[in-house]
Colleague: 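Attaching a single structure in C-alpha cells format; questions to follow.
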Amino acid sequence: MNLDNEKLESYLRQFRPRQPKPLPGKGKLLVMRWRVPALAAAVAAVGLFVMFLALRGSKPNRPMVVRDKVLHQQEVPAGEDSPAQQISLGRLNAIAKQDPEKLGAHLDRVSRNILPDVRAGHGVLKTLSAE
Amino acid sequence: MTAKLRYEDVQELYQNHGAALLAYASALLGDRSAAEDALQQVFLKLLSGRVPAPAQARPYLFRAVRNTALNSHRARARIVPLDDQQWLARPAGMIDAGVEVEKAMRALPQEQREVVVMRVWGEMTLEEIATVLDVPANTVASRYRYALDKLREILKDT
C-alpha cells in the first residue's frame with residue numbers, strides 16, 4: 001500500500017460511522033423472550049375457560065331431555081303405536097280403505113294423545129279455557 | 001467457539017463494533033432502517049444465549065451481518081439503491097466533504113464498497129475480510145486497490 005492510500009484511508013476515517021440505536025435493555029429483552037410463550041399460555045387459558053363454560057352450560061339441559069323422553073314413553077300405553085305412527089298418512093289411508101266408518105273413531109282416539117287436553121292439569125290451555 | 005455470551009459481553013461487542021457494522025449493513029442494503037433491522041437481528045440472536053461466543057468476534061460479526069443483510073435483501077426481492085440517508089457522521093466544518101465521501105462510496109460497486117467499509121471503518125485486516133467474504137486475500141486486496149483508486153479519482157476535485 002503506498003502513502004497515497006494511507007492518506008486516503010486517514011481522510012476517510014475522519015468520517016465515523018453513525019451509532020446504531022441502542023440494544024434493548026435486560027428487562028425489555030426478558031419481555032421479548034417470554035412474549036410468545038406468554039401469549040400462547042393466555043390463549044390456551046382462554047380456550048380452557050370457554051370450554052369449561054360450554055360444558056357447564058350444557059349440563060342442565062341433559063336431565064330435561066331425559067325426562068321428556070321418559071314422559072313421552074309413559075304416555076304411550078304398552079302394545080300401542082306411538083301417536084306419530086297412529087296418525088301417519090299410510091295408516092290413515094289403510095283404515096279409510098278397509099273400514100271408512102272407523103276412520104272418525106280412530107281420529108278421535110288418536111287426537112287424545114296428540115292434541116292438548118284442556119280439561120286436565122294446570123297448564124296455560126286450562127287457564128285460557130277457563131277464561 | 002467457546003462459552004456462551006453474557007449480556008454484558010454482547011453490549012461490549014455492540015459498543016465496539018456496532019457503528020462499523022451498521023455502516024457495513026447500510027453499504028450492503030442501501031437503506032439505513034433495513035440496516036438497523038439486520039444489525040438488531042444479529043445482536044438479538046447473540047443476546048438470546050443460543051449462540052456460543054465466537055473465537056474471533058469481528059470477522060464473525062461482519063459475516064453474520066452480511067448473511068442477515070443478504071437474506072433480508074433476497075426477501076425484499078429487489079435491488080435497493082443506496083439512499084441519501086446519512087450513514088457517516090460528519091465532523092464540524094466537513095459537512096460538504098462528508099456528503100462527497102458518501103456520494104463517492106455510493107458510486108462504488110458493492111463488492112468494492114463492502115471491502116472499503118470493513119477495511120476503513122471496521123479496521124479489519126485483508127485476511128479477516130477474506131474470511132468474511134469467503135474469497136482469497138488477493139481478491140480482497142485487488143478489490144480494495146480498485147476501490148481506493150476510484151475514490152481518489154472521484155474525491156480529487158472536492
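Convention: sequence-line order gives letters A, B, ...; per-chain numbering from 1. No hydrogens, no waters, no symmetry mates; every other heavy atom, side chains included, goes into these values.
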Colleague: If you round to the nearest 0.5 Å, how far is CG of A/N5 from CZ of B/R152?
Modeller: 4.5 Å
Colleague: If we define contacts as heavy-atom pairs under 4.5 Å, which of B/D149, B/V101, B/L151 has the most with chain A?
Modeller: B/V101
Colleague: Taking all heavy atoms of A/R13 and all of B/R119, pick out the closest pair and write down the distance.
Modeller: NH2-O, 3.3 Å
Colleague: Tell me whether A/E101 at atom CD has more than 12 heavy atoms from other residues, nucleotides or ligands lying less than 6.0 Å away.
Modeller: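 No, not enclosed.
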Colleague: Say whether B/V65 and B/V51 are linked into one hydrophobic cluster, either directly or through other cluster members, by side-chain heavy-atom distances under 4.5 angstrom.
Modeller: yes
Colleague: Please find the pair of heavy atoms, one from A/P22 and one from B/Q40, that lie closest to each other, and give the distance.
Modeller: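 So the minimum-distance heavy-atom pair works out to O-NE2, 3.7 Å.
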Colleague: Checking heavy atoms, do the side chain of B/L39, its backbone, both or neither come under 4.5 Å from chain A?
Modeller: side chain
Colleague: Are A/L12 and B/V99 co-members of a hydrophobic cluster defined by side-chain heavy atoms under 4.5 Å apart?
Modeller: no
Colleague: In the single-linkage hydrophobic clustering (I, L, V, M, F, W, Y; side-chain heavy atoms under 4.5 Å), do B/L155 and B/V117 co-cluster?
Modeller: yes
Colleague: Membership question, hydrophobic clusters at under 4.5 Å side-chain separation (ILVMFWY): are B/I95 and B/L88 in the same one?
Modeller: no
Colleague: Might you point out which heavy atoms bring A/P17 and B/W121 nearest each other, and give the distance in Å?
Modeller: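 Scanning both residues, the minimum pair turns out to be CD-CD1, 3.4 Å.
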Colleague: Can you tell me how far CD of B/Q15 sits from CG of A/L23, rounded to the nearest 0.5 angstrom?
Modeller: 8.5 Å
Colleague: Among B/A141, B/A20, B/A23, B/S48, which has the most heavy-atom pairs under 4.5 Å with chain A?
Modeller: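 When all of B/A141, B/A20, B/A23, B/S48 are compared, B/S48 has the most.
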Colleague: Side-chain contact test, heavy atoms from C-beta onward, threshold under 4.5 Å: evaluate it for B/Y14 versus A/P20 and give yes or no.
Modeller: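 Counting from C-beta outward, B/Y14 and A/P20 do come under 4.5 Å.
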Colleague: Looking only at heavy atoms, which two atoms of A/Q19 and B/R32 are closest? And how far apart?
Modeller: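 Nearest pair, atom of A/Q19 first, then B/R32: O-NH2, 3.6 Å.
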Colleague: Using non-hydrogen atoms only, which part of A/P24 is less than 4.5 Å away from chain B: side chain, backbone, both, or neither?
Modeller: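 Contact with chain B is through both the backbone and side chain of A/P24.
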Colleague: Would one find more than 12 heavy atoms of other residues, nucleotides or ligands at under 6.0 Å from atom NZ of A/K21?
Modeller: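 Buried by this count: over 12 neighbours within 6.0 Å.
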Colleague: Taking everything shown except B/Q110 itself, do over 12 heavy atoms lie less than 6.0 Å from its CD?
Modeller: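 For B/Q110, atom CD is crowded (more than 12 foreign heavy atoms under 6.0 Å).
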Colleague: Side chain, backbone, both or neither: which part of B/A97 has a non-hydrogen atom closer than 4.5 Å to chain A?
Modeller: both
Colleague: What distance do A/K7 atom NZ and B/L148 atom CG have between them, rounded to the nearest 0.5 Å?
Modeller: 14.5 Å
Colleague: Please tell me whether B/L108 and B/L126 are part of a single hydrophobic cluster in this structure, the criterion being side-chain heavy atoms less than 4.5 Å apart.
Modeller: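 In one cluster with B/L108: B/L126, yes.
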Colleague: Side-chain contact, heavy-atom cut-off 4.5 Å: A/Y11 with B/M94?
Modeller: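 In contact.
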Colleague: Flag the one option from B/L22, B/V120, B/L44 with the top tally of heavy-atom pairs under 4.5 Å to chain A.
Modeller: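 Ranked by heavy-atom pairs under 4.5 Å with chain A, first place is B/V120.
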Colleague: Which atoms of B/L21 come close to chain A, meaning under 4.5 Å heavy atom to heavy atom: side chain ones, backbone ones, both, or neither?
Modeller: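 For B/L21, neither part sits under 4.5 Å from chain A.
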